[in-house]
Amino acid sequence: MKFRSSVATETCALSVAALLVFAALPGAFTAVVASTRPHVGGTLRVELRERVPTLDPRVRPDEAQVARAQELLDALVFDRLLRLDDHGDPAPALAVAWESEEGGKRWRFQLRPGVQFSDGTPLTAEIAAAALALEIQPKLGSGTRVGSADQLSLSIESDEATPDLPQQLATGRTFIFRVVGDGKSLVGTGPFVIDHWDSGALPQQDIFAANTRCWAGRPFVDRLAISLGVESQRIEADLEFGLTDAGELAPSEMRRAAEHNVRTWSSEPVDLFVLNFDSSRPGVHNERLREAISAAIDRNAIANVVLQRQAVPAGALLPEWISGYAFLFPAGAPLTSQNPATAVKTSAPLVLVYDSQDAEARAVADRVIVDLRAAGISAQAVASGVSTGASAADVRLVRIPIAQPEPQAALDLVLGALSAPASASVDVQLAAMPPASAVSAQPADPESLYATERGALADFRIVPLAHAFENWGLGATVRDWMAPRWGDLRLEDVWLDLPPAANPQ
Amino acid sequence: MPRTNRNLLKRTALLRIVLRTIHFWIFLLVFFSMGARAGAAAVSAESNPFAASAREFARRIANSFPAATRVGIEVRNRSSLAVTDVAVVRTALLDELTARGLRIASAAGDSADVGASATITLSENTDGFLWVAEIRQADRSSVMLMAVPRPPTAPVAEASGITLRGALVWSGPEDVLAAALRPATFPPASPAGPPNLLLLVTDGVSASVIDAQHTIKIALPSPGDADRDAQGTLEWNGSVFNAKAYGETCTFAAPPAGQQPQQPRCRKEDAPLPLSAWASAPQIGSQRADLPAACGDASGAILAAGTGDYTQPDSIRAYEMRSGAAAPVSPALEFPGPVLSLQMEMSLQSTMSSQTTTVLQAQLTPPALAVVRNLASGDDEVYEISLVCGH
């Protein structure tokens, strides 16, 4: 027995030694990975949950999620003057150079020469100015002038300094287009052109073809077949059975996708769910009541149960990956008031309005109501569009896609969106183009950024709940899904790894 | 005693001797490995790029407290900083706080007589690292933040056989198609600048050659047809540079020192960029550089990279062709993103043999240069790849 015991010990030691040796040779057993250069051709099939009635950038959907989907699709057909690089900094797109004068009140943009719209018309500063003016003037003030000095020089002048104008022109709905025909048709310079658009069908089936005139090179795939308004369960099933190449996944479908070995991609937590109180309403005028409401909400349950772990609890407006200091705003901070019980008494049930088209918003709103009632606060959730909704809202549940990784610009975006009183849904355009008054004069240092956010949250008029991920399921043949961390799509860079014979044209 | 038992005892004794010998060598290996790491840590603490930032942050924190205050200090890491870097930062913070006259308690709030505390959190955001100090004194509290830029990193792949080493020589926001070291006859770089490096960069539509200091810019003609999978090469052939991108091949000469180069002579190049002679081995990667007769093997070897997916980190590895198939002969040299370009011009000089081991030192003149897209920072990075081989 002693011998066997000794051998066992020494065998064990040998195993440990072997492990040490293997650990000391990292990569020594790395498998050789198959690889190729990107393939050109094929049809990329994409499914989204939202329906998009039109791609016209001049039309602004009321619902936040529809507006977000429209903006993603608009970027397939239309370009902006600038784009965001992987750092979130403005980079050349249709404009190759830009400069400001008079402290940021006047900007000049030099357009890229040789760019053509998909119908062959050359891009000129006059056309770009006409497209931009529609979008810029309402945001920067009626005194804003968008003009063209020559064929390729565009200027924007405003009464107020707009030092972050390049950042604004790289995001949101600031697309450049040319109006053709009867004034309803638009053409762009983007990587795709609309081949077939049918907003009446359900699910909506739309076809985009590669724009061979695209200034940045034609996209790798020949066509995009995009289905809109597809139910989230159907998207997961289509991914599972290879009936689509990429699909937007609801939080509830992520676990099923993982169980079925569907490849998934998630953004950083970018969708902010936040309560926005109308403090002019008598029901929520009391700051102690708003504080009590904030303390009563179980954000962990919202993130982990309602949103199926596809979100993180939020105590701050900006997520940690953007600001780096979100941990200073603990989610679900305890009450600081001495006697909240007297403050939480309300004469009538509070009305919480949410976006009727947003399934996740509805689930979050229902959870908030449960928590409030458990805390003795009478409240009801009402979908936007219901007759008692918008006008009677004490508080709105707002969902803001923070498609902006630069901390100062992201905070401007959120505060701009929350200052918009129009409806329960966040208008992405407003979010991307905050009013000039909301724009700080200079990019902030971390301490002033933190102070701004702390000030915005101090009176509990704004109560963050969660930051949710944007999720996509990907087919086995999809390559180079290079969406940035903040969730934009870059379908022009995606290619399909199919043998030539099997690649459908 | 039966023969079988005696044999068993002999075998047992022999086995024990062998195992003890193995244990001895393992002990020595672990001992020297730990010793080497400790030594390396001491050296790296001196040159660690975060040490100076930590001292600066500590000075700002110390100014918040009256002299000789007893302060509880807690350092937390929520960032991607390596454990060794966190240790360096922690040490630098505590040393500087002590040097500034504060009396440090072991942890924030660890005893009742500590009236002041500072919780220092090493965090990060999209701009870089962000260090946060939550300072509490009696009933007052404040927050202090300091942005700390991310320093570049350099990978190393050590192993027996061929060993690859990567040294970061440049990083920046430009989209780099290829890089080349410039000869001494080319205009000299500023003394304080990065090494003599020329970069073939693209703005997505056209290409130009710049130097690392941006004092030189040679625009290549815009071809009119952009390519989303743009590739390029930049080579020095001994008298002129050849730059290839977007179907254009441009040649420019090295001008006299201190003068700008003349405009390049360009022509359309219809043929695609040549692939390595190893193209018959498609499974080993799309980016390759030939190693002529590397490590004494007449059949030659190549460096290869390319996962086929620009969203994934990549690695470079040396391969040899054996029985018609590429066989890896080095461990993978890991990078923080996809390898976009890999170029090499090299000559081998052999150094010599000692006892039973023959060592060939491959001196790359100029060395292989790899262009890597750092997925964390978004910057393009140029690495100088060197190898040491032995068999």
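Residue numbering restarts at 1 for every chain, and letters A, B, ... go by the order of the sequence lines.
Both the backbone and the side chain of A:E320 come within less than 4.5 Å of a heavy atom of chain B. Heavy atoms closer than 4.5 Å to chain B are found nowhere in A:P113, neither backbone nor side chain. Only the side chain of A:R112 comes within less than 4.5 Å of a heavy atom of chain B; its backbone N, CA, C and O stay farther away. Neither the backbone nor the side chain of A:P92 comes within contact range of chain B; no heavy atom of the residue lies under 4.5 Å from a heavy atom of that chain. Only the side chain of A:R485 has a heavy atom closer than 4.5 Å to any heavy atom of chain B. Neither the backbone nor the side chain of A:L318 comes within contact range of chain B; no heavy atom of the residue lies under 4.5 Å from a heavy atom of that chain.
Salt bridge annotation for B:R373-B:D175: present, with a cationic side-chain nitrogen under 4.0 angstrom from a carboxylate oxygen. Between B:E134 and B:R136 there is a salt bridge, since at least one side-chain N of the basic residue sits less than 4.0 Å from a carboxylate O of the acidic one. Salt-bridge formation is not detected for the pair A:E492/A:R218: no Lys NZ or Arg NE/NH1/NH2 atom is positioned less than 4.0 Å from an Asp or Glu carboxylate oxygen.
Remark: A:R454 is not positioned above the aromatic ring of A:F329, lacking an NZ or CZ atom under 6.0 angstrom from the ring centre and at most 45 degrees off the axis.
Residue A:C214 holds its SG atom at 6.0 Å from CG of A:D79, rounded to the nearest 0.5 Å.
Most heavy-atom pairs under 4.5 Å with chain A, from the set B:L130, B:V132, B:T126: that is B:T126. Chain B forms the most heavy-atom pairs under 4.5 Å with one residue out of A:W481, A:Y450, A:Y325, and that residue is A:Y450.
With hydrogens and angles disregarded, no donor-acceptor distance shorter than 3.5 Å links the side chain of B:N374 to the backbone of B:G378.
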